[in-house]
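Throughout, protein chains are lettered first and strands after them, A, B, ... in sequence-line order, and every chain is numbered starting at 1. Reckoned from all heavy atoms, side chains included, excluding hydrogens, waters and symmetry mates.
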There are 2 protein chains.
Amino acid sequence: MPQIDTVDRILHAATVLFAEQGFSETSLRAITSTAGVNLAAVNYHFGSKKELIQAVFNRFFVPFCAELESRLDELEATPDQDLETLLRAALQAILVSTEKIDERPQRFMKLVSLGYAQPQEHLRQFLVANFSLSYQRFIVLLKHAMPEVSHTEFYWRLYFMMGAAVFNLSSYDPIRAILQLEYNEDTSLEEAVELLIPSLVGILDVPNAGKR
Amino acid sequence: MPQIDTVDRILHAATVLFAEQGFSETSLRAITSTAGVNLAAVNYHFGSKKELIQAVFNRFFVPFCAELESRLDELEATPDQDLETLLRAALQAILVSTEKIDERPQRFMKLVSLGYAQPQEHLRQFLVANFSLSYQRFIVLLKHAMPEVSHTEFYWRLYFMMGAAVFNLSSYDPIRAILQLEYNEDTSLEEAVELLIPSLVGILDVPNAGKR
DNA sequence: TGTACATCAGTGAACGCGCGTTCACTGATGTAC
DNA sequence: TGTACATCAGTGAACGCGCGTTCACTGATGTAC
């Protein structure tokens with residue numbers, strides 16, 4: 001009984017289980033039984049568990065970078081964009097690109113934070129080799145929007161901001177659940193992103209003591 | 001050849017290796033050979049790997065909560081503290097309590113982010129059971145410092161802020177290394193914390209459009 | 001003080017289990033002549 | 001058109017390895033009488 005698309009079934013099951021449990025905690029047997037395919041199919045199609053992990057990241061990063069690049073083209077055409085516009089563009093690229101592959105942005109960000117928390121050298125090298133160009137273009141635009149800030153301050157704030165953004169989107173489901181349970185207030189993902197943007201601007205664009 | 005303090009040697013080796021590699025990725029054999037103790041000593045002293053993980057967290061959280069509680073006593077005595085004072089108190093509690101057990105704040109925060117990224121239900125229950133009271137007291141003070149903000153907005157910003165703080169402190173070493181390599185600029189941990197505080201305030205205390 | 005027993009920290013070897021991976025194999029489809 | 005072979009997706013069972021855990025044991029120290 002051959003499956004219609006074994007590769008896609010494996011990729012989807014791996015995405016869900018990796019995001020829920022982590023890479024080491026998810027066995028190939030769990031992935032293949034969830035996907036309804038034979039255990040040996042992972043090694044047949046992907047070669048190894050490591051290469052499956054890379055394929056899962058690739059599935060998110062290829063459309064994300066394409067989406068981001070097209071927005072960067074527009075942003076670079078109009079100089080002196082403000083921080084809010086730049087951050088909204090990046091967040092929109094996340095939302096739109098995950099929807100195109102029929103996935104959830106929370107899973108994408110959860111995988112990113114897992115990849116960061118459990119440093120897998122093969123994964124880091126893979127991501128740098130494939131996607132650092134789009135990343136660099138975005139950073140240049142951000143830097144231009146904060147001309148008065150020193151290198152050191154800029155990069156520290158940049159990493160604060162990215163940590164907050166990734167953590168927030170990857171934690172959307174549990175935070176939403178807590179707020180529903182305790183205050184009976186629901187927040188859609190779009191609303192959460194809109195709440196997030198001013199906070200991200202607040203991280204980068206710290207008011208000086210003199211300004212207040 | 002009995003060791004002077006096998007329990008401490010195991011706890012320290014486990015802390016270092018867990019923070020570097022994650023829980024599942026670190027075997028008891030790696031921990032015991034690093035600590036220079038017998039493999040069976042972990043199960044003898046702690047019972048199981050899960051209980052060892054809890055003991056590692058306990059080692060950080062007990063002095064941290066003690067430190068935080070004593071600062072909360074002072075802060076509650078003087079009403080209407082501003083956000084910066086509250087956040088600095090919490091960060092100071094992290095720095096001081098880790099120094100007291102001769103550890104590094106980066107490792108503490110890395111363990112917290114690992115515990116969050118790889119949800120271990122036993123760990124979550126353990127932390128809630130032991131340390132949620134101090135946490136709640138701190139949240140109440142923060143809420144009082146932001147009286148104009150709705151429940152929903154407050155909690156979203158709170159989680160943004162905590163995500164940014166944990167991520168930043170746990171990533172201090174690699175970020176510092178990047179900045180040293182590329183710009184030859186060094187940032188001490190204390191300086192990084194001082195850079196972090198205004199950004200954390202910026203997350204919570206988002207300027208309204210009308211205020212600017 | 002001497003002896004018998006209990007307690008405790010630590011040890012070495014082994015246990016069973018689940019893991020990623022491998023391999024010989026099957027059956028369907030495509031291709032060459 | 002028919003036949004022989006090649007290719008390819010998928011399979012079932014097994015492999016060896018490293019894992020957390022267990023257990024019988026040792027040797028030192030403490031305690032009771």
I need the CG-P distance between A:Asn38 and C:dC23, as an integer number of Å. 16 Å

Using Watson-Crick or G-U wobble geometry with both distances under 3.5 Å, which nucleotide pairs with D:dT1? none

N/O (side chain, A:Tyr44) to phosphate O (OP1/OP2, D:dG10) under 4.0 Å: no

Are the charged groups of B:Arg137 and B:Asp73 less than 4.0 angstrom apart, N to O? yes

Whom does D:dA28 pair with, Watson-Crick or G-U wobble, provided both distances fall under 3.5 Å? C:dT7

Grab the CD-P distance between A:Glu51 and C:dT22 for me, whole Å please. 11 Å

Can you label the angle between the A:Phe108 ring and the A:Phe64 ring as parallel, tilted or perpendicular, going by 30° and 60°? perpendicular

By the side-chain hydrogen bond (donor to acceptor under 3.5 Å, both in side chains) test, which pairs, at least two apart or in different chains, include something from residues 26-36 of chain B? B:Gln21-B:Thr26

Provide, to the nearest angstrom, the distance between the CG atom belonging to B:Leu52 and the C1' atom belonging to D:dT21. 14 Å

Applying side-chain contact (heavy atoms from CB on, under 4.5 Å), name anything that partners A:Glu194, two or more places apart in sequence or on another chain. A:Arg88, A:Ile197

Salt-bridge test for B:Arg71 and B:Glu74: reply yes if a basic N is under 4.0 Å from a carboxylate O, no otherwise. no

A:Phe61 and A:Phe57 aromatic ring geometry - parallel, tilted or perpendicular at 30°/60° bounds: parallel

Partner lookup for C:dC19, please. Criteria are Watson-Crick or G-U wobble with both distances under 3.5 angstrom; report none if nothing qualifies. D:dG16

Would you indicate which nucleotide in D:dT11, C:dG12, C:dG10 comes nearest to any side-chain atom of B:Thr6? C:dG10

Compare side-chain N and O positions of B:His45 against OP1 and OP2 of C:dA9 and report whether any pair is under 4.0 Å apart. no

Between protein and nucleotides 18-20 of chain C, what N or O pairs are separated by less than 3.5 Å?
unit_1	atom_1	unit_2	atom_2	d
C:dC19	OP1	A:Ser27	OG	3.4
C:dG20	OP1	A:Leu28	N	3.4
C:dG20	OP1	A:Lys49	NZ	2.8
C:dG20	OP2	A:Leu28	N	2.8
C:dG20	N7	A:Arg29	NH1	2.8
C:dG20	O6	A:Arg29	NH2	2.8

